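Here's the structure, in structure tokens; my notes come after.
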Amino acid sequence: MKSRALITGASTGIGYAYAKHLSKEGWILDLISENAERSMKSKDALNNPVANFYLADLSKKSSIKEIISNYETPDLIVANAGIAINGSIGKLSESQKEDAYYLMCGGIIDLIEGFAPKMIKKGTGRIVIISSIGAITAMPKSSIYSSAKAGIYMYGKSISAELENKGISVTVSLPGYVETEAHKKAGLDHLKSKVPNWMWISADNVVKQTEKASKKGKSEVIPGIVYKLTKPFLKFSAAINIWRLITKKN
Ligand SMILES: NC(=O)c1ccc[n+]([C@@H]2O[C@H](COP(=O)([O-])OP(=O)(O)OC[C@H]3O[C@@H](n4cnc5c(N)ncnc54)[C@H](OP(=O)(O)O)[C@@H]3O)[C@@H](O)[C@H]2O)c1
């Protein structure tokens, strides 16, 4: 029987690259995103008869509840949907903060906890969480983003240890700068020219390295050699100052 994957945020970027990768391997796909136009575009481009496209706002609790009640239990969950956030302290509204936290942290926890009992019962399955390198380094003016990513990073690491004897692997991926539309959507297009080329990695490469780590049962992966090498230095204030410099608007 064919394996089934559920990917959130599959219309563009890393999620779409994941859908492409799994399509080639013959997976049945349940793909969720919010914007109808982008979803249709990816449906046409993917051209996979066993890929189902759904629309849902994953920053809302009701959407996650509906998915858990109505979708088939996946063999692989890729919790990827997310946004970049451009907002210094006090600049985001209550609802912007709540939605971002639910989309990139609370909602992922609800989604995984909704399916986990059935996956455990099957005794097999994989869970992949796309967090960010921002989970393990301070990001001034993106504190809501990095704190949501840090929360889901630790949740993923914890359940990875909890589920390893139950046949379920959990892998948290921590990409750095990835060539997607995420920054442009958040009004951060200046990053394309400010951040040096060698710091960017393709979405396809993120997927390749994340899948490899997930199949090996690793709890964490940092895609890209640059980020792997710099990981030990990310906690130092010099790293924060360099980050501030290269991400400054002008
Ligand atoms: N790009 C980077 O540099 C980078 C670095 C580290 C981590 N990440 C993480 O990687 C993940 C994917 O981002 P990306 O770079 O591939 O960006 P992207 O191309 O903008 O893709 C984001 C995906 O998430 C979906 N999404 C956003 N808000 C949603 C909502 N409320 N409900 C349902 N779907 C929603 C989008 O769907 P619609 O088309 O419907 O909006 C889209 O499919 C995110 O979690 C992001 O934080 C990205």
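These numbers were taken from a predicted model, which means no experiment stands behind them. Hydrogens, waters and symmetry mates play no part in the numbers below; they use all other heavy atoms, side chains included. Just so you know, residue 1 is the first one in the sequence shown, and it goes up from there.
Both Ile32 and Ile129 sit in one connected hydrophobic cluster of ILVMFWY residues. Membership requires side-chain heavy atoms under 4.5 Å apart, directly or through other members.
Without hydrogens or angle criteria, Ser160 side chain to Gly156 main chain gives no donor-acceptor distance under 3.5 Å. For the pair Asp75 (side chain) and Gly125 (backbone), a donor-acceptor distance under 3.5 Å is absent. Distance alone, capped at 3.5 Å, is enough to place a donor-acceptor pair between the Gln209 side chain and the Gly224 backbone. Checked by atom type and distance alone, the side chain of Ser39 never pairs as donor or acceptor with a backbone atom of Asn35 at under 3.5 Å. Remark: side-chain polar atoms of Asn80 are paired, donor with acceptor, to backbone N or O of Gly9 under 3.5 angstrom.
Residues satisfying the side-chain contact (heavy atoms from CB on, under 4.5 Å) criterion with Lys2, sequence neighbours excluded, are Ile28, Val50. Residues forming a side-chain contact (heavy atoms from CB on, under 4.5 Å) with Lys65 (at least two apart in sequence, or on another chain): none. When the side-chain contact (heavy atoms from CB on, under 4.5 Å) test is applied to Ala186, the partners found at least two apart in sequence or on another chain are Ala84, Leu188. For the side-chain hydrogen bond (donor to acceptor under 3.5 Å, both in side chains) test, no residue two or more places apart in sequence or in another chain qualifies with Thr180.
In Lys208, the NZ atom is not crowded: 12 or fewer heavy atoms of neighbouring residues, nucleotides or ligands sit closer than 6.0 Å. Other residues, nucleotides and ligands place more than 12 heavy atoms under 6.0 Å from the NZ atom of Lys97. By the 6.0 Å contact criterion, NZ on Lys166 is open, its count of non-hydrogen atoms from other residues, nucleotides or ligands being 12 or less. More than 12 heavy-atom neighbours from other residues, nucleotides or ligands sit within 6.0 angstrom of NZ on Lys122. The neighbour count for Lys228 NZ, taken as heavy atoms of other residues, nucleotides or ligands under 6.0 Å away, is above 12.
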Show which side-chain atoms of residues 167-179 pair as donor or acceptor with protein atoms under 3.5 Å away, not counting sequence neighbours.
{"residue": "Thr171", "atom": "OG1", "partner": "Lys218", "partner atom": "O", "Å": "2.7"}
{"residue": "Ser173", "atom": "OG", "partner": "Thr210", "partner atom": "OG1", "Å": "2.9"}
{"residue": "Tyr177", "atom": "OH", "partner": "Trp243", "partner atom": "NE1", "Å": "3.2"}

Sequence neighbours left out, cut at 3.5 Å: what donor-acceptor pairs do the side chains of residues 196-203 make with other protein atoms?
{"residue": "Trp200", "atom": "NE1", "partner": "Val195", "partner atom": "O", "Å": "3.2"}
{"residue": "Ser202", "atom": "OG", "partner": "Asn205", "partner atom": "N", "Å": "3.1"}

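Using a cutoff of 4.0 Å between basic side-chain nitrogens and carboxylate oxygens, Lys231 and Glu220 are scored as salt-bridged. Using a 4.0 Å cut-off between a side-chain N of Lys or Arg and a carboxylate O of Asp or Glu, Lys60 and Glu34 do not qualify as a salt bridge. With respect to the salt-bridge test (charged N to carboxylate O, under 4.0 angstrom), the residues Lys24 and Glu211 do not qualify.
In summary, the side chains of Thr12 and Arg38 do not present any donor paired with an acceptor at a separation below 3.5 Å, with no hydrogens or angles considered.
With Leu31 as the fixed residue, the side-chain contact (heavy atoms from CB on, under 4.5 Å) test singles out one of Leu6, Leu46, Val78: Leu46.
Of all the heavy atoms in Tyr153 and Ala135, the pair that sits closest is CB-CB, 3.9 Å.
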